[in-house]
2 protein chains.
Amino acid sequence: MIAKDAVFGTRPEDRSPRDAILQRPSLGDEVYQRLVDDLIALRIPAGARLSVDGLARRFGVSQTPTRAALIRLEAEGLVVKKQFTGWSVAPLPSPEQFAKIFELRCLIEPASAAGAARLASPEALAELGSIAEEMRAMAAEDITGHRAKLVVLDSRFHSAIAAACGNELIEDALGRLFTQMHIFRLRYHSDVAQAVIEEHIDILAAIGARDPARAETAMRGHIEAGRERIEAHLDAAD
Amino acid sequence: MIAKDAVFGTRPEDRSPRDAILQRPSLGDEVYQRLVDDLIALRIPAGARLSVDGLARRFGVSQTPTRAALIRLEAEGLVVKKQFTGWSVAPLPSPEQFAKIFELRCLIEPASAAGAARLASPEALAELGSIAEEMRAMAAEDITGHRAKLVVLDSRFHSAIAAACGNELIEDALGRLFTQMHIFRLRYHSDVAQAVIEEHIDILAAIGARDPARAETAMRGHIEAGRERIEAHLDAAD
DNA sequence: CTTACGAATATCGTATCGGATATCTGGTGT
DNA sequence: ACACCAGATATCCGATACGATATTCGTAAG
């Protein structure tokens, strides 16, 4: 894998204590992770200035790891740098850019679903099942109260499929898209619809049945339906 | 655009002197560019250690911009970092990884060709034409003498199509793949075949005729033919 | 109200330092 | 001869101080 997806990894706790001793994360990694958390939760507004000095003081570290984190974030498109002006949070994707995200997803994700149907390990299937079940239970209880959490689980579901398809390049490419999409959806208060949960179960059933063709079409329908849901939501007043 | 493709940009000279005064690149950017040039030309072998101190002395800058460049390169997968050990040039892609590159290209590039057929500007068409013509003239003269140059032009041709398709996300995603592929091809002495040049002309004709469907199928055939050519080449002794 | 100038502020990059860790080297014991 | 262990070395990680330069913003003049 070229770049580990630190945003929507399917198992946040997969770094065992034993490994933590052998390879604890660097300070730069920790600053990066905290900034990612803040950014994808919209705790820092789009366009806000991110001064190296201010962030370093806030996190209690020096400028060296802070710069490292910002450079990584810049490479992922979450922040932008302007010469002699500094870093700032990347502007919100416009609806046009959002359409481009869906265009690319629609090229890649049907194939990732088909690949997952062929190659998913039993553990990966269990992971997918638990995410889908968690979303179903949560939505049955109260869909509006778990808005942010459902959006996170939706990203985790798609990331888990990408991770199971056997092609790390596909996983990386989709990971970048999911981050952008996540921020967009939180900002525009785009809920996870009830239909999403049912579509996830359809996709999971096809993958579990080892039916690549059905997984592919289910995923394609899911993405196109999602695009239409969000466009309808954007047309409505906000 | 999220991340400017600094590897196979179609116009290396598009930074006019006027702009250079208004926004000269940072030292980190310059170090990054020089390292990219060295890496994609294989002037630094795969696996070689890249010490921050050594590179800083070599380029006549301090460690700060050198680290910035290495972090960017790491995010693009050209170098890898090991905690407390340092950076080194990323290992060569294995044939399996190479197949995964083609798998992803085959998902995206037919769509980028179709998009270019719909949206390419006259300037973009002229650019594509000049690249295709340059390759044709070069190959007619002596194909083995211009091996490296033809590989570069091939990447530029595909990058120009990606840039013309109207979706920066597609352009970015493909840019990463082209870099990996370029290095792989140079390392394994995989020539640009005569057929490649003719296939490029077919694709260009379909784009120029504003025929998305034909551009899409031509591109798909081109990529699959390329995969088969390289697999045949790998099977042969090296 | 608009424009221009200059001080304050922040960034970019340099230089240097110390602690922590990996790697290499050489010696010792079996 | 080989495995194993300890010390030396090189490098990275991070902190800090400083100068050069660009941006920003308040203020004054037209």
Side-chain angles (χ1 to χ4, degrees), chain A residues 3-4 6 15 17-36 44-45 47-75 78-91, chain B residues 3-4 6 15-36 44-75 78-91:
Chain A
K4 181 163 66 173
R15 182 186 293 137
R18 182 175 46 81
D19 290 345
I21 295 173
L22 293 177
Q23 187 182 350
R24 67 171 167 76
S26 68
L27 274 183
D29 292 336
E30 291 183 7
V31 171
Y32 167 82
Q33 193 58 59
R34 290 189 59 175
L35 278 174
V36 165
I44 307 178
R49 293 282 302 273
L50 295 170
S51 98
V52 175
D53 190 63
L55 289 174
R57 263 200 295 272
R58 174 176 155 202
F59 291 132
V61 299
S62 80
Q63 299 191 3
T64 305
T66 307
R67 283 194 208 195
L70 286 170
I71 294 168
R72 283 183 60 186
L73 289 168
E74 185 191 8
L78 290 179
V79 307
V80 293
K81 186 182 74 170
K82 196 178 151 201
Q83 179 80 309
F84 299 117
T85 302
W87 281 276
S88 50
V89 181
Chain B
K4 181 163 67 172
R15 182 187 293 141
S16 72
R18 182 174 47 80
D19 290 345
I21 294 173
L22 293 178
Q23 189 182 349
R24 66 175 164 76
S26 70
L27 276 182
D29 293 336
E30 292 184 8
V31 172
Y32 167 82
Q33 192 59 59
R34 291 191 58 175
L35 277 174
V36 165
I44 307 178
R49 292 283 302 272
L50 294 172
S51 95
V52 175
D53 189 64
L55 289 174
R57 263 201 293 274
R58 174 175 154 200
F59 291 132
V61 298
S62 79
Q63 298 192 4
T64 304
T66 308
R67 284 193 209 192
L70 286 170
I71 294 169
R72 285 184 59 188
L73 289 168
E74 184 191 9
L78 290 179
V79 308
V80 294
K81 185 182 73 170
K82 200 177 149 197
Q83 181 82 298
F84 299 116
T85 302
W87 281 274
S88 50
V89 181

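The sequence lines fix the lettering, A, B, ..., with proteins before strands; numbering per chain opens at 1.
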With sequence neighbours left out, write down each residue that passes salt bridge (charged side-chain N to carboxylate O under 4.0 Å, His left out) with A/Arg34, or none if nothing qualifies.
none
Contact list please: residues 56-65 of chain A against DNA chain D, heavy atoms, distance less than 4.0 Å, in numerical order.
A/Val61, A/Ser62, A/Thr64, A/Pro65
When the nearest nucleotide of DNA chain C is assigned to A/Asp53 and to B/Phe84 on a heavy-atom basis, which residue is associated with the more 5' position?
A/Asp53
A/Gln83 atom CD is separated from C/dA10 atom P, nearest whole Å, by 18 Å
Closest to the B/Thr85 side chain, choosing from C/dC12, C/dA10, C/dT23:
C/dT23
Sequence neighbours excluded, which residues qualify as side chain to side chain donor-acceptor pair (under 3.5 Å) partners of B/Ser88?
none
Could you tell me whether the phosphate oxygens of C/dT11, OP1 or OP2, come under 4.0 Å of any side-chain nitrogen or oxygen in A/Ser51?
yes
What is the bend of the helix from C/dC1-D/dG30 to C/dT30-D/dA1 when you compare the axis at one end with the axis at the other, using five pairs each and rounding to 10°?
20°
Output the distance between atom CG (A/Leu50) and atom CG (A/Leu73), rounded to the nearest 0.5 Å.
8.5 Å
Of all the choices, D/dT11, D/dC13, C/dT11, which nucleotide is nearest to the side chain of A/Arg49 once you look at every atom?
C/dT11
What integer distance in Å separates B/Lys82:NZ from D/dT11:C1'?
13 Å
Test side chain to side chain contact (heavy atoms under 4.5 Å, CB included) applied to B/Ala56 - qualifying residues, sequence neighbours left out
B/Gln63, B/Thr66
Nearest of C/dG13, C/dT11, D/dC12 to any side-chain atom of B/Ser26?
C/dG13
Which residues pass the salt bridge (charged side-chain N to carboxylate O under 4.0 Å, His left out) test with B/Arg49, sequence neighbours left out?
none
Please identify each residue that fulfils salt bridge (charged side-chain N to carboxylate O under 4.0 Å, His left out) with B/Arg57, with sequence neighbours left out.
B/Asp53
Residues in side chain to side chain donor-acceptor pair (under 3.5 Å) contact with B/Thr64, at least two apart in sequence or another chain
none
B/Ala48: side chain to side chain contact (heavy atoms under 4.5 Å, CB included) partners, not counting sequence neighbours:
B/Ile44, B/Pro45, B/Val89
For D/dT11, does either OP1 or OP2 sit under 4.0 Å from a side-chain N or O belonging to B/Lys81?
no
Can you tell me how far P of D/dG14 sits from CG of A/Leu27, to the nearest Å?
4 Å
Touch check for A/Leu70, heavy atoms < 4.0 angstrom, all strands: base, sugar-phosphate only, or nothing?
nothing
Nearest heavy atoms of B/Ala90 and B/Ala46, plus distance in Å
O-CB, 3.7 Å
Which atoms of nucleotides 5-7 of chain D (N or O only) lie under 3.5 Å from a protein N or O atom, and what are those distances?
none

